[in-house]
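Reading through the C-alpha cells given below for one structure.
A, B, ... follow the sequence lines: proteins, then strands. Residue 1 opens every chain.
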Amino acid sequence: MDRRTFVKHALATTSLTALGAMSKTGPALAQSKPLTVAFFVKNLVNPNWKFAKIGAEKAAKELGGVILEHVAPTKPDNIEEQTRLVEDWLVKKPDGFVFVPVDFKALTPTMQKALDAKMPTTIYSNNMAELKGALTYVGSDDEVIGYEVSKFLFQKLGGKGKVLHIDGVPAAITAQERKKGFERALKEFSGIELLASQPGMYRRQPAVQVMENLVQRFPQIDAVVCANDDMAVGVVEALESAGRGGKTLVVGIDVIPDAVAMIKSGKLLASADYSLHDQAYLATTALVKHLRGEKVPSKLILPVKIATKDNIAFWEKSPDERPTPVWAQVVAAQKA
Amino acid sequence: MSATTTSPAAMRLPPWLSDRAFVIISRLLALIILVVVLSLISPHFLSWNNLINVFRQASVQFVMAAGLTLVVLAGGIDLSVGAVLGLAGCLAASLINGGDVALGVLVALSVGLGCGLVNGALVTLVRIPSFMATYGMLWIAQGLAVIFMKGDTVYGLTAGFRTIATGFFLGIPIPIWIGLALMLLLHGILHTTVLGRSIYAIGGNPAAARLSGMPVRFRLIAVYGLSGLLSGFAALVVIARINSADSSLGDELLLPAIAAVCLGGTSLFGGVGGIVGTAVGSVILAIILNGMNLLGVQTYWQSAMTGGIILLSVLADQIGGARLNRQS
C-alpha cells in the first residue's frame, strides 16, 4: 500500500507537510496549438469524482492536443466556492468548460454569464434545464437510477416485503430525484411496504447512526434502499453490529470500491452505476469535437447498469483499466 | 471558580445548591423531560436495546466533544476538533488497514497532540485569537487530509482494532465504557489537579489568573494540546465504528461537538460548566436523533426540529438565569 509507506516515510523525515502529492505533473502535450479545457468536479472527497477525472483524462489523451485543468472546490459541494471558480476561470479564458454544477439551480445564473460570454460548455451528470446555450448534456437520469435499482430489489424480494429508504442530503437534487425514482417503483409493487424513509446525508457515519436507531424500531426489515453506496455500506455495518447481518437485502447507488468488495462477499445485494467515468469521458469528448468543428448531439443519456455478484468483475478493474465508451455507439443509441 | 462567585443568581439559589450543581441539574431536567416525552409517544424508546444504542451513540459524541469542553472552560474555542479528527483518522486508518495497528494508534494520538500544541502556541505565544488560530488549523488539517487521501476511501480495518467501537464488556458496548472512563478521568483532572483548577481560573478571569502568578501560557498550551490529543483519540473510535475513513471524515463534526458542550451547560464565555455536563449534552443530542428516527419524522423536517429542540433545551437553562447573571 503506497499510502502506508508514504506515512512511514513522512514519519521518518518528521515532516508531514512535505506531501508527495504536490509533485503532480501537469500534462505536457507536444501539439502545436493545444486546447485548454477547464474540467469541473463537485469535490475531491467522493471517489466517484476521481473516476470522473480519470475518464476526462482518457478522453484528453485519446483525442490528443488537449490540456485538462482540474477544477474542484476545496469545500465539498460548496456553491459559493464553485461560483467563484467559474468566475475565475472565465477570466482565464480556456477554450472550453466541461462542467458539473454542485447545485443545478444555484449555479445557473453564473453559468449563464459564462455561456453569454460565448464560453463553449458541455454539462455532465446534473442537467441544468434553465441554462440556455450549453452544447451538450451528458448524464444518467437520477430518477431512473433510483427507479431501476429499486425495481431490481423488489423483483428479488418477489414483490413482497418491508423496506426502508435511506435518503441523501434533502436539499440535493440528486437525492430528491433518486427518491422519486424509488417512489415510482414502490407504486408498481403493491406487496412492498415502506416502513420509513430517513436521512443518511449521503455519508457513512450518519447512515450508521440512523440505521442503528431504525433497527430498534423495526423487528423485521426485509430490504433497505440507499440513495448512495457510502450509506449502503454504513447500513450493512450497522445491521451486522446489531447482529442482524445477512437477513436484510441492501442496495445502493454509485458502485464505489467498498461496495464492490461487499457485493463480492454477498453482504450488499447490488448497486446501480452512475458511471461518472463514462459521463466525464463523453462530455470532454463532445467539447473537443465541437471545438474542432464537429457537430455534437445536444443530449447524451446513458443507460443504468446494475452491479451484482454475477457481473462484478467489470467494476473490480481499476478505473484506469476500464474501457471507455465508444462515441459513435453512444450517439447511435440515443436515436433508438 | 464558580464556587467563589457571588453573582445575584447564586445568591437567589438556596444555600445548598451551588450554581455549578444548578447547571448540571437543569441540564438533567431537560434530559428527563425528553426521555419522558419520548417514552410516552414511542413504545420502542425505553427498551434496553434502544437505551444501550442511544448511550453508545452518545459516548462517541462525548469523546468528540470532551477536548473542546476543556478549551471552552479555559475561555477559548477550538474550531479544529473535527478537522484534526479527520486528519488523524485518515492517517491512522491507512496504517491500521495495512496491519500496523499500534503505529496507527500512535500516529493518530501524536498528530492530534501536535495540532493541539500548535494551536496552543499560536494562541498564547503568537497571540492570535483562539477563534482564528484554530480556524486556520481547521483548514490546514482538512487540506492535508484531502492531499493525503487523494479522493480515496480506506475501507476494512482489522477486527481486533474495531473492538473499541463494536465490542462488548459485561454486556455493555465498549464505547460506553470508554466514554465513562474518559468522563471520570477528565472530571478528576478538572477538580483535583492544579491544571484543572487553573482551567477554571483562566476561563473565569485570565487577568486575575496571570496576576496571581499562574503560568497561564504554559497551562493554555497544555489545554489545547490535550484537546488535540482527545481529537486524535476520538478519531480512533470513529474510524473503528464506521470501519473506514475518507478525507471528509471530520466534516460536520464540529457543530454537534459545540452543541454538546453548550447543551451541557458549559458557558462559551469560559470558567463555568464541566465535563459531566458535556456527557449529559451528548446524551441529549443522541436522544434527539434517536427519537426522530423512532418516530419517523420526515427527512425534510429533521434539521429544523433538531435546532428547535436544542434552543428549547438551552432556553430552560437561561430562564434559570444562573449563567445569564454571571456573564453580565
task = From the options A/K264, A/K309, A/R322, select the one residue that forms a salt bridge (charged side-chain N to carboxylate O under 4.0 Å, His left out) with A/E316.
result = A/K264

request  = Select one option (side chain, backbone, both, neither) describing which atoms of A/E237 are under 4.5 Å from chain B's heavy atoms.
outcome  = side chain

task = Select one option (side chain, backbone, both, neither) describing which atoms of B/I239 are under 4.5 Å from chain A's heavy atoms.
result = neither

query = According to the interplanar angle, ranging from 0 to 90°, do the rings of B/W177 and B/F169 count as parallel (below 30°), tilted (30 to 60°) or perpendicular (above 60°)?
reply = perpendicular

note = Under a 4.5 Å heavy-atom criterion, the part of residues 206-222 of chain A in contact with chain B comprises A/V208, A/Q209, A/V210, A/E212, A/N213, A/L214, A/Q216, A/R217

message = Give me the atom names and distance for the closest heavy-atom approach of A/A280 to A/A52.
response = CB-O, 3.1 Å

query = Donor-acceptor pair, A/D273 side chain versus A/S275 backbone, under 3.5 Å?
reply = yes

request  = Apply salt bridge (charged side-chain N to carboxylate O under 4.0 Å, His left out) to A/R178 and A/D167, showing your working.
outcome  = CA-CA 9 Å; A/R178 287 172 190 195; A/D167 304 342; over 6 Å; no

message = Heavy-atom pairs under 4.5 Å with chain A: which of B/L294, B/T166, B/V146, B/V238 has the most?
response = B/L294

ask   = At a heavy-atom separation under 4.5 Å, does B/N290 approach chain A through its side chain, its backbone, both, or neither?
value = both

key: Winner by heavy-atom pair count (cut-off under 4.5 Å) against chain A, out of B/L253, B/D251, B/V60   = B/D251

query = Do any N or O atoms from the side chain of A/N228 and from the backbone of A/M231 form a donor-acceptor pair under 3.5 angstrom?
reply = yes

request  = Tell me, with the steps shown, if A/E240 and A/K267 meet salt bridge (charged side-chain N to carboxylate O under 4.0 Å, His left out).
outcome  = CA-CA 9 Å; A/E240 284 190 352; A/K267 290 178 181 174; 3.7 Å; yes

message = Between B/Q298, B/R56, B/Q142, B/M292, who has the most heavy-atom pairs with chain A when the cutoff is under 4.5 Å?
response = B/R56

ask   = Quick one: does B/T163's side chain get under 4.5 Å of B/I174's, heavy atoms only?
value = yes

key: Engaged part of B/S244 at the chain A interface, taking heavy atoms whose separation is under 4.5 Å   = both

inquiry  = Check whether A/S265 reaches the backbone of A/M262 with its side chain - one donor and one acceptor, N or O, closer than 3.5 Å.
reply    = yes

ask   = Is a side-chain donor or acceptor of A/D230 paired with a backbone partner of A/V233 at a separation under 3.5 angstrom?
value = no

message = Please check: side-chain N/O of B/S42 versus main-chain N/O of B/L38, any donor-acceptor pairing under 3.5 Å?
response = no

inquiry  = I'd like to know if A/R84 pairs up with A/E81 as an ion pair, taking the criterion as any Lys NZ or Arg NE/NH1/NH2 lying under 4.0 Å from an Asp or Glu carboxylate oxygen.
reply    = no

message = Report, in residue-number order, which members of residues 44-54 of chain B are under 4.5 Å from chain A by heavy-atom distance.
response = B/H44, B/S47, B/N49, B/N50, B/N53

ask   = In terms of ring plane angle, is the pair B/W139 and B/Y135 parallel, tilted or perpendicular, where the classes change at 30° and 60°?
value = perpendicular

